[in-house]
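Okay, structure first, notes after.
Reckoned from all heavy atoms, side chains included, excluding hydrogens, waters and symmetry mates.
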Amino acid sequence: MFLKNVSLVCALGLGLTAQAQEKATDTIEIQRKLAAGLTPSVVTVEYTLKYDKGEPPHGGLGAGSDPDAPSITLEGFVEQERAIQVGSYLIGPDLVISEELPLHERFIEKIEVRFKDQVVAAKPVAWAMNAHAVYLRLEKPLAGAEPIRFDATAAGPYMALMAAPENASMAVLVTPFSPQLADSRDLGAYVQMPREAVMMNKEGVAAGMSMSPVLPVGQDWKGSPGDWSQFSAEQRSEVLARVGQVAEGGVVRATLNFRSPKKGAEAELRARMRNPGGEDDEEATERHVAALLLSNGHVLIPLDLKPNVTARLDRIRLFTADGKERTASFIGSLKDYGALIAKLDEPADGLGVPLRDGAPFDGFNEPVVHAEVEVRGEERLAYLDHRRVLGFQQGWRNRAYPLIADDAENSYLFSVSGELAAFPLATREKPTAQPRWNSSRPMLTPSVYLLQILSDLPAALDSSNIPLGEDQENRLAWLGVVLQPLDRELARANKVAEYTQDGRIGALVNFIYPGSPAAEAGVEPGWILVRLHIEGNPQPVNVQVDELSAGFPLPWDRLDELPEQLFERIPQPWPAAENQLTSTLTEVGFGTKFTADFFNDGQKITKEFAVVQSPAHYNSAPKYKHDELGATVRDVTYEVRNYFQLEDDAPGVIVSRLEPGSKGSVAGIKPYELVTHVNGKAVKNVGEFEAALEPGELRLTVQRMTRTRQVMVKLDGAAAPLPATPAPGADQ
Amino acid sequence: MFRRVAMGVVLCSLGFVADSAWGEDSALSRFDFQQVVQQSKDRVFPSLVFIRVLSETHDSGKKMTQEASGSGVLISPDGEVLTNWHVVDKAREVRCLLFDGTPLYADIIGTDKDLDLALIKLRLPVGAAALPYAELGDSAKMKEGDFVMAMGAPWGLSRSVSIGIISCTKRVLTEASEYSLWLQTDAAISPGNSGGPLINTEGQVIGINTRGIMQGGDMGFSIPSQTIAAILPRIRQYKGANWAWTGLRLQPLRDFNKNIYFDAKEGVIVAGTDPESPARKAGVQDRDRIVKVDGQPVNGVTEEDLPDVHRLLGLLAIDKPVNVELVRNGQTVSLELTPREKGKVEGEELDCPRWDLTVKGINQFDNPNLYFHRKLGVFIYGVKFPGNAANAGLREQDIVLKIDNKPVESLEDVKALHAEAMANLGAKNKLMFTVLRNGLMRQVILDFSRDFEKE
């Protein structure tokens with residue numbers, strides 16, 4: 001993109017120059033002659049691409065190589081049996097200089113050089129240090145071709161001649177040479193150059209050439225490219241091998257293990273709808289990722305884990321270059337970036353990657369080592385080649401991010417000396433952000449930003465995004481309201497169409513739990529909750545809820561017809577404590593202040609809140625599983641209590657799970673029934689339930705919505721004995 | 001109950017056939033059997049009645065008159081006909097066709113929804129001759145294997161007879177009749193047989209055919225004459241069974257299906273008591289074992305015994321205290337319980353045209369899960385599809401709390417608000433319904449500007 005702009009600027013310059021128009025005929029004549037003079041030196045380098053282990057080629061195209069480059073992918077070249085053609089120049093009898101292709105050699109089938117109807121094989125022998133150029137050695141000289149002769153003393157003015165495909169044919173383009181200077185605050189002064197151009201004077205003497213989009217002020221373009229500072233193929237291999245070792249020690253596979261999530265049927269359904277499996281599955285119990293091991297033993301693990309996922313984080317292991325498996329301990333989740341920091345439990349001397357300290361702009365236009373590292377399951381794949389930093393783009397908080405001709409994902413940039421200059425890292429997705437497909441893609445983040453974080457680590461960490469015990473992992477924030485989604489008609493009837501995008505956002509407060517923040521703030525049923533403004537989050541949260549949170553209309557009177565195999569699939573009948581609102585608040589973090597915009601009869605009412613943790617809810621309630629009974633019971637939590645309209649001191653535990661075929665199931669107990677008494681004792685929680693159990697016989701009072709009954713189960717490890725004598729009255 | 005059936009074996013209804021040796025002369029016995037069938041049929045057949053009914057229903061979201069047919073049997077010379085409650089339920093007009101081809105209108109004398117029983121009376125012209133009628137037999141004497149015949153109008157085909165045996169004398173059908181067991185027969189019973197008699201080989205009505213299993217084939221269920229005989233005087237007197245209500249929920253001592261066995265040989269277990277019921281007021285507790293009511297022993301050993309217990313409780317004198325003896329934690333406790341009138345077991349219905357919905361009053365017995373949330377009031381009974389209520393997202397079983405912020409507590413409230421809305425039609429075509437769904441309040445905007453009945 002950068003380069004296109006340059007050539008556009010050149011073209012405009014040509015059109016607007018009054019002098020050039022006056023002497024148009026003369027100029028065109030000169031240009032034509034110059035083009036004809038260069039033609040014997042112009043060759044076409046053809047790269048034939050291939051797949052590598054089934055992977056389509058990726059990377060970049062040299063910008064001068066093909067004008068329709070944006071319309072074709074690298075894969076397209078393979079598909080169309082077409083070579084990438086790069087206009088290049090003969091600078092010695094068997095030496096060609098050409099724009100380097102930012103593409104790993106594993107995707108290159110062959111390199112050939114075409115001159116008229118001759119085609120000869122070529123191979124790279126060296127690269128220019130300060131220009132994006134490769135030197136190719138021909139297998140044999142090309143008959144009739146003439147190398148360009150350079151004379152640095154040739155006097156200007158100059159024309160820039162570029163060999164490039166034009167209208168499906170290789171052509172030589174000639175424009176007046178008019179470099180544009182940029183004096184940059186951060187990069188210093190540099191000249192934007194025509195790329196891949198030979199600069200000639202009117203007499204046809206080549207004074208020098210440009211093979212780079214920019215040229216730092218002070219560097220001269222004159223003279224033969226053969227005299228440019230170079231690195232040979234051998235030197236390159238040596239650097240790649242050396243840096244590859246650094247990368248192996250510092251970009252390692254981390255394996256994170258999570259506890260199995262504790263979910264109800266309802267939450268499971270919701271999770272499936274949100275994310276249909278895959279590697280980013282929030283419910284995954286093992287995840288492998290490429291992590292950065294730093295020299296001081298810190299580890300940066302680039303996973304944007306939500307608090308409810310981090311809560312289940314159990315174990316972090318690193319598989320280091322020395323073949324060892326090392327454990328690491330969680331230190332914290334970064335507030336601003338989608339990553340967590342851990343520290344090796346035992347120091348690993350000699351491993352770890354050094355970070356380059358310096359301005360993000362350092363290394364502009366220099367060759368850098370590009371390591372493409374990817375962790376796929378337990379495999380760590382790494383490919384190394386060299387790239388150039390093509391420029392910088394602005395990103396989050398106006399920070400500068402280097403650009404290379406490849407995806408930022410999996411790309412690690414090292415200086416030739418082996419310091420990590422930039423690595424892929426995404427900013428943390430704000431819980432308030434509207435989901436967009438590219439909202440949190442990794443950017444090539446300069447190491448200096450990581451050094452800034454590490455210099456004051458505690459300030460960079462989010463104290464509410466941490467591993468938690470199993471009893472705490474489903475903790476949720478709450479406002480204490482039951483919400484009904486608005487629609488167009490409701491929004492208009494409630495005079496909030498203007499504030500709710502005509503009912504697309506906002507929710508009607510239908511119920512307020514006693515003792516909740518909403519109750520304390522004086523929120524009333526019938527108000528409409530539209531928006532939250534959360535401290536530290538740039539975007540307001542438009543409140544949206546779905547019908548799923550309203551609870552499943554369980555057919556209580558037909559529960560006996562339900563096949564027991566379906567028990568665990570019945571969603572809970574009460575409104576789920578977890579919904580978009582409570583999830584967002586939980587992610588925001590406890591203690592965070594926010595204001596909520598309510599409307600009542602068209603009037604706005606603003607209420608101040610701080611995010612607080614809800615009392616235990618159904619999915620976080622303490623539970624107890626009785627194996628022989630085959631039933632799991634949970635404490636009756638606030639939303640369950642409200643559903644059954646139970647008094648605060650009413651006894652009962654709720655049956656949350658029942659094994660098909662178990663004694664409890666045979667005795668007719670169904671999910672979502674209440675057990676109010678065990679062996680005659682009222683039980684108010686699972687602790688009392690467990691304490692009331694006696695060996696031998698369980699006598700339970702079971703309540704199904706409105707009706708109670710008595711259930712008896714013999715517990716003795718064996719089948720229940722049938723009564724020895726028939727009861728009186730039995731038919732004999 | 002079990003004892004009585006066991007003793008009844010002696011009085012086998014086919015006893016005299018048994019005397020003639022079946023095995024020795026099968027031709028003769030076949031002839032006798034044929035004769036028995038014909039004789040018994042002839043005794044009841046003239047009293048068979050074919051019934052056609054025009055009834056009003058609201059369950060599809062609008063008032064609809066529908067025509068249905070069923071069967072009945074004359075049980076008195078002055079034109080009393082036994083049939084099913086579900087045949088004549090919500091009937092606007094009842095027409096009867098007698099065996100001799102005489103068509104007559106009939107009036108409903110009384111019904112009982114729980115037993116699914118109705119007594120109607122033919123409007124006989126003055127001075128009409130006495131009608132042939134069937135006599136009620138004793139269903140308690142029937143035993144499995146006894147020959148029976150079902151009479152009626154299956155699929156509207158009048159004057160049909162089918163034959164079979166008693167498959168079970170003490171069938172419990174859960175969710176169908178709290179107060180009675182059922183006679184099960186394999187005599188073909190199809191829709192339209194409802195209300196028709198099941199007769200024994202002596203030509204007596206031993207049951208009223210009520211239910212069948214569509215997929216099950218040879219399974220029909222009849223209300224036993226024993227139950228009918230006990231209730232008939234009450235239907236004549238009170239226009240209904242006039243059950244007493246105690247609010248006791250009972251369960252048997254032994255439940256094979258659920259593998260639950262209480263360590264007791266008599267009495268019946270209190271599963272629970274209904275809120276604000278006489279039983280709860282009397283102090284009856286869950287897990288109590290009732291052994292005597294009003295001095296009579298009660299035994300609910302298996303679930304087959306429970307209908308008898310329920311009937312005993314249902315037939316207690318209303319508003320008159322009775323003594324209940326029960327065992328609680330091994331101690332005998334005596335309580336005084338005053339049954340109340342059970343009253344209506346179903347709410348009234350109301351059609352709301354243009355809104356395209358029907359509403360019904362909440363009834364404790366018909367809609368316990370709605371009653372749990374709201375003791376008085378109205379719920380949406382039917383939503384017409386397509387229609388305005390359906391489009392607005394109103395659903396069946398939504399309890400109506402408010403319409404346009406005006407509280408709704410009765411069908412009259414809805415009627416008045418509906419009339420007002422219809423009067424303002426054109427000026428105001430939207431109303432906000434506040435409903436209780438699944439225990440949670442919701443708002444729904446009903447836009448009834450469109451006329452779905454337009455042709």
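- Atom NZ of B/Lys113 is surrounded by more than 12 heavy atoms from other residues, nucleotides or ligands within 6.0 Å.
- Interatomic distance, B/Arg287 CZ to A/Arg699 CZ, rounded to the nearest 0.5 Å: 8.0 Å.
- Looking at B/Gln251, only its side chain comes within 4.5 Å of chain A, counting heavy atoms on both sides.
- The part of B/Arg249 that comes within reach of chain A is its side chain, from C-beta onward, which places non-hydrogen atoms under 4.5 angstrom from that chain.
- The two atoms that bring B/His373 and A/Tyr643 nearest to each other are CE1-O, 4.2 Å, heavy atoms only.
- Of all heavy-atom pairs between B/Asn259 and A/Val666, the closest is CB-CG1, 4.0 Å.
- From B/Gln443, atom CD reaches atom CD of A/Glu489 across 12.5 Å, with rounding to the nearest 0.5 Å.
- Heavy atoms of A/Leu508 lying under 4.5 Å from chain B belong exclusively to its side chain.
- Looking at A/Glu697, only its side chain comes within 4.5 Å of chain B, counting heavy atoms on both sides.
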Test side chain to side chain contact (heavy atoms under 4.5 Å, CB included) applied to B/Leu440 and A/Trp574, step by step: CA-CA 9 Å; B/Leu440 290 171; A/Trp574 41 81; over 6 Å; no
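- B/Tyr371 does not touch chain A: none of its heavy atoms, backbone or side chain, sits under 4.5 Å away.
- Within a 6.0 Å radius of CZ in B/Arg395, no more than 12 heavy atoms belonging to other residues, nucleotides or ligands are found.
- Contact of B/Asn329 with chain A is not made at all, since no heavy-atom distance falls under 4.5 Å.
- Neither the backbone nor the side chain of A/Asp487 comes within less than 4.5 Å of any heavy atom of chain B.
- Across every non-hydrogen atom of B/Ile260 and A/Val711, the tightest pair is CD1-CA, 3.8 Å.
- With rounding to the nearest 0.5 angstrom, the CZ atom of A/Arg488 is 12.0 Å from the CD1 atom of B/Ile445.
- Counting heavy atoms from C-beta on, the side chains of B/Asn438 and A/Phe552 never come closer than 4.5 Å.
- Atom CD in A/Gln645 sits 4.5 Å away from atom CZ in B/Phe372 (nearest 0.5 Å).
- Between B/Pro368 and A/Arg707 the shortest side-chain heavy-atom distance falls below 4.5 Å.
- Residues passing the salt bridge (charged side-chain N to carboxylate O under 4.0 Å, His left out) test with B/Arg442, sequence neighbours excluded: A/Glu547.
- Of the inter-residue distances, the one linking A/Thr701 atom OG1 with B/Gln285 atom CD reads 10.5 Å to the nearest 0.5 angstrom.
- In terms of heavy atoms, A/Ala493 sits closest to B/Met432 at CB-CE, 4.0 Å.
- For the set A/Pro553, A/Ala667, A/Pro573, the entry with the most heavy-atom pairs within less than 4.5 Å of chain B is A/Ala667.
- Here A/Asp601 pairs with A/Lys495 under the salt bridge (charged side-chain N to carboxylate O under 4.0 Å, His left out) rule; sequence neighbours left out.
- Scanning both residues, A/Asn510 and B/Met441, for their nearest heavy atoms gives ND2-O, 2.5 Å.
- To the nearest 0.5 Å, the span separating CZ on A/Arg709 from CG on B/Asp286 amounts to 12.0 Å.
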